Amino acid sequence: MEFSTSLIATFDPAKKIVVLTGAGISAESGVPTFRGEEGLWKQYRAEELATPHAFEANPKLVWEWYDWRRGIIGKAQPNPGHLAIAEMERLFPDFALITQNVDGLHRRAGNSKVIEIHGNLWDLRCVADGRVREDNRVPLPQIPPLCECGALLRPHVVWFGESLDQEDLTQAYRLIEECDLLLVVGTSAVVQPVASFPLMAKEGGAFVIEVNMDPTPLSPRVDASFQGKAGEILPALLEKLQGYWGKGGNS
Ligand code: BV8
């Protein structure tokens with residue numbers, strides 16, 4: 001994979017750099033993506049289960065799906081793509097990561113400046129009083145899990161038809177509007193409002209780079225698009241960035 005010097009030079013450590021990821025960054029860790037063929041669970045699609053309506057109708061079924069995902073993710077390791085993004089946070093002073101993923105793998109890879117804009121499936125929220133607690137047990141001892149108050153616990157994630165956390169969204173919009181460079185990795189760019197972030201960044205004057213296995217609706221609209229596995233492309237990109245910027249950007 002070749003990266004032009006001019007592209008490497010756009011990653012100027014004096015600039016505001018934002019990375020936006022979707023399910024594709026975790027695919028090489030063995031975590032099913034949402035829309036790939038492996039995204040199916042029993043005969044259900046994610047969009048049918050990740051909704052308040054599905055949870056209200058059948059909390060046990062929705063929790064069986066999440067317990068299954070927690071089982072896979074609990075055994076998964078951050079892959080070289082996650083690790084490269086964690087290294088970028090160390091390389092660039094003004095760096096931020098926004099992820100749509102709820103698997104927690106970016107934090108396990110070492111990123112600390114992460115907005116988990118769709119939540120995190122290791123956190124459980126009481127449907128009665130809204131209290132959130134982390135519970136990493138796999139499998140959960142009881143499905144559906146109950147709060148001490150007796151009410152149902154739900155995954156502390158944003159379902160389809162639910163609004164995103166206002167604070168997260170405000171922070172994300174500010175980062176997207178102000179960034180000089182946006183690196184978009186492993187998202188099919190169909191789920192709103194996050195799908196609009198790359199074009200908002202572009203309108204704000206940012207240089208937008210996409211890394212994805214396949215072409216997406218974004219591909220024709222970004223400044224540079226690299227087709228392939230994030231776990232291969234990002235480490236190769238990082239190596240070039242370290243070589244160029246590690247020696248003060250004039251090598
Ligand atoms: C909202 C958390 C305001 C749960 C997720 C009708 C009623 C209500 C709302 C709507 C409606 N119609 C439309 C909407 C808006 C809706 C929406 O966008 N729907 C889509 C389907 C059209 N959005 C919402 O509802 C959002 N809320 O709008 O609030 C509102 C409120 C009320 C009423 C109206 C509006 C909330 C959306 C959040 C949903 N929650 N996740 C959970 O995970 O359990 S979204 C889910 O999709 C995941 O977070 C996932 O990350 C995200 C996006 O998918 P991707 O990450 O892109 O994953 P995908 O599988 O699609 O693609 C993977 C990509 O990786 C592919 O491109 C593939 O090529 C690539 N890839 C694969 N392997 C690799 C790779 N790339 C590189 N390397 C590899 N190895």
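All values reported here derive from a predicted model rather than from experimental measurement. Note that ligands are numbered from 1 as they come in the structure, with each ligand's atoms numbered from 1 the same way.
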For this session: State the atoms of ligand 1, each with its element, that fall below the 4.0 Å cut-off from a heavy-atom position in W159.
Result: 36 (C), 39 (C)

For this session: Please confirm whether F55 and W159 have ring centers closer than 6.0 angstrom.
Result: yes

For this session: Just let me know how Q192 lines up against ligand 1, side chain, backbone, both or neither, with a heavy-atom cut-off below 4.0 Å.
Result: both

For this session: Give a yes or no on whether atom 6 (C) of ligand 1 lies under 4.0 Å from any heavy atom of the protein.
Result: no

Problem set entry | atom 34 (C) of ligand 1 within contact range, any protein heavy atom under 4.0 Å | no

Exercise. Going by distance alone, is a donor N or O of one side chain under 3.5 Å from an acceptor N or O of the other, for E47 and T51?
Worked result: no

Exercise. Given the protein's heavy atoms, is any one of them under 4.0 Å from atom 15 (C) of ligand 1?
Worked result: no

For this session: Starting from atom 53 (C) of ligand 1, locate the nearest protein heavy atom and write down its residue, its atom name and how far away it is, to 0.1 Å.
Result: Q100 OE1, 3.3 Å

Exercise. Which atoms of ligand 1 have any heavy atom of R35 under 4.0 Å away?
Worked result: 47 (O), 53 (C), 54 (O), 55 (P), 58 (O), 59 (P), 60 (O), 61 (O)

For this session: Take the angle between the ring planes of H82 and H106 and call it parallel below 30°, perpendicular above 60°, tilted in between.
Result: perpendicular

Problem set entry | Heavy-atom closest pair, residues L146 and G150 | CD2-O, 4.0 Å

Exercise. Do R125 and R131 have side chains that get closer than 4.5 Å, going by heavy atoms?
Worked result: no

Problem set entry | Lys/Arg-Asp/Glu bridge criterion (N-O < 4.0 Å) met for R108, D103 | no

Exercise. Just by distance, with hydrogens left out, do D168 and Q166 show a side-chain donor and acceptor under 3.5 Å apart?
Worked result: no

Exercise. Do NZ/NE/NH1/NH2 and the carboxylate oxygens of R154 and E56 come within less than 4.0 Å?
Worked result: no

Exercise. Between Q100 and T21, do the side chains contain an N or O donor and an N or O acceptor separated by less than 3.5 Å?
Worked result: no

Exercise. In ligand 1, which numbered atoms sit nearer than 4.0 Å to a non-hydrogen atom of G228?
Worked result: 77 (C), 78 (N)

For this session: Taking all heavy atoms of A128 and all of C149, pick out the closest pair and write down the distance.
Result: CB-SG, 4.3 Å

Exercise. Which ligand 1 atoms does K229 reach within 4.0 Å, using its non-hydrogen atoms?
Worked result: 78 (N)

For this session: Examine ligand 1 and decide if any of its atoms is less than 4.0 Å from a heavy atom belonging to G231.
Result: no

For this session: Please confirm whether T216 comes within less than 3.5 Å of ligand 1 when only nitrogen or oxygen atoms on both sides are compared.
Result: no

Exercise. Is the F226 to F3 ring centre distance short of 6.0 Å?
Worked result: yes

Exercise. Looking at CG of L181 and CZ of F207, how far apart are the two atoms once the value is rounded to the nearest 0.5 Å?
Worked result: 7.0 Å

Exercise. At a 4.0 Å threshold, what atoms of ligand 1 neighbour a non-hydrogen atom of G22?
Worked result: 56 (O)

Problem set entry | Identity and separation of the nearest protein heavy atom to atom 22 (C) of ligand 1 | V190 O, 3.9 Å

Exercise. Just going by heavy-atom distances, which of G119, G161, A23 is nearest to atom 31 (C) of ligand 1?
Worked result: G161

For this session: Run down the list Y66, W65, F34 and name the one with the heavy atom closest to atom 50 (C) of ligand 1.
Result: F34

Exercise. Nearest to atom 69 (O) of ligand 1, what protein heavy atom do you find, and at what distance?
Worked result: N212 OD1, 2.7 Å

For this session: Would you kindly specify which portion of T187 sits under 4.0 Å from ligand 1, judged on non-hydrogen atoms: side chain, backbone, both or neither?
Result: both

Exercise. Which is it for E162 and ligand 1 at heavy atoms under 4.0 Å: side chain, backbone, both or neither?
Worked result: backbone

Exercise. If you measure from the Lys or Arg side-chain nitrogens to the Asp or Glu carboxylate oxygens, is any gap between E48 and R45 under 4.0 Å?
Worked result: no

For this session: Kindly confirm or rule out an N or O of P193 lying under 3.5 angstrom from an N or O of ligand 1.
Result: no

Problem set entry | Note: D94-K16 ion pair, threshold 4.0 Å (strictly below) | yes

Exercise. Right, does atom 10 (C) of ligand 1 have protein non-hydrogen atoms nearer than 4.0 Å?
Worked result: no

Exercise. Which atoms from ligand 1 have a heavy atom of N101 less than 4.0 Å away?
Worked result: 51 (O)

Exercise. For atom 72 (C) of ligand 1, which protein heavy atom lies nearest, and how many Å away is it?
Worked result: G24 CA, 3.8 Å

Exercise. Got the closest protein heavy atom to atom 39 (C) of ligand 1, with its distance?
Worked result: V158 O, 3.4 Å

For this session: Measure the distance from atom 75 (C) of ligand 1 to every protein heavy atom, then report the residue, atom name and distance (to 0.1 Å) of the closest one.
Result: M213 CG, 3.3 Å

Problem set entry | Numbering as shown, the atoms of ligand 1 that approach R69 to under 4.0 Å (heavy-atom distance) | 42 (C), 43 (O), 44 (O)

Exercise. Any protein heavy atom sitting closer than 4.0 Å to atom 61 (O) of ligand 1?
Worked result: yes

For this session: Report, in ascending order of atom number, the atoms of ligand 1 lying under 4.0 Å from any heavy atom of V102.
Result: 2 (C), 43 (O)

Problem set entry | Pair R107 + E116, salt bridge at N-O below 4.0 Å | yes

Problem set entry | Residue pair W68 / E64, side-chain heavy-atom distance below 4.5 Å | no

Exercise. If every non-hydrogen atom of A230 is compared with every non-hydrogen atom of P235, which pair is closest and at what distance?
Worked result: O-CD, 3.5 Å

For this session: If you have a sec, work out which protein heavy atom is nearest atom 21 (C) of ligand 1 and how many Å separate them, to one decimal?
Result: F160 CE2, 3.9 Å

For this session: State whether the shortest distance between N or O atoms of A230 and N or O atoms of ligand 1 falls below 3.5 angstrom.
Result: yes

Exercise. Counting only heavy atoms on the protein side, is anything nearer than 4.0 Å to atom 1 (C) of ligand 1?
Worked result: yes

For this session: Please work out whether any backbone atom (N, CA, C, O) or any side-chain heavy atom from C-beta onward of A27 is under 4.0 Å from ligand 1, and answer side chain, backbone, both or neither.
Result: side chain

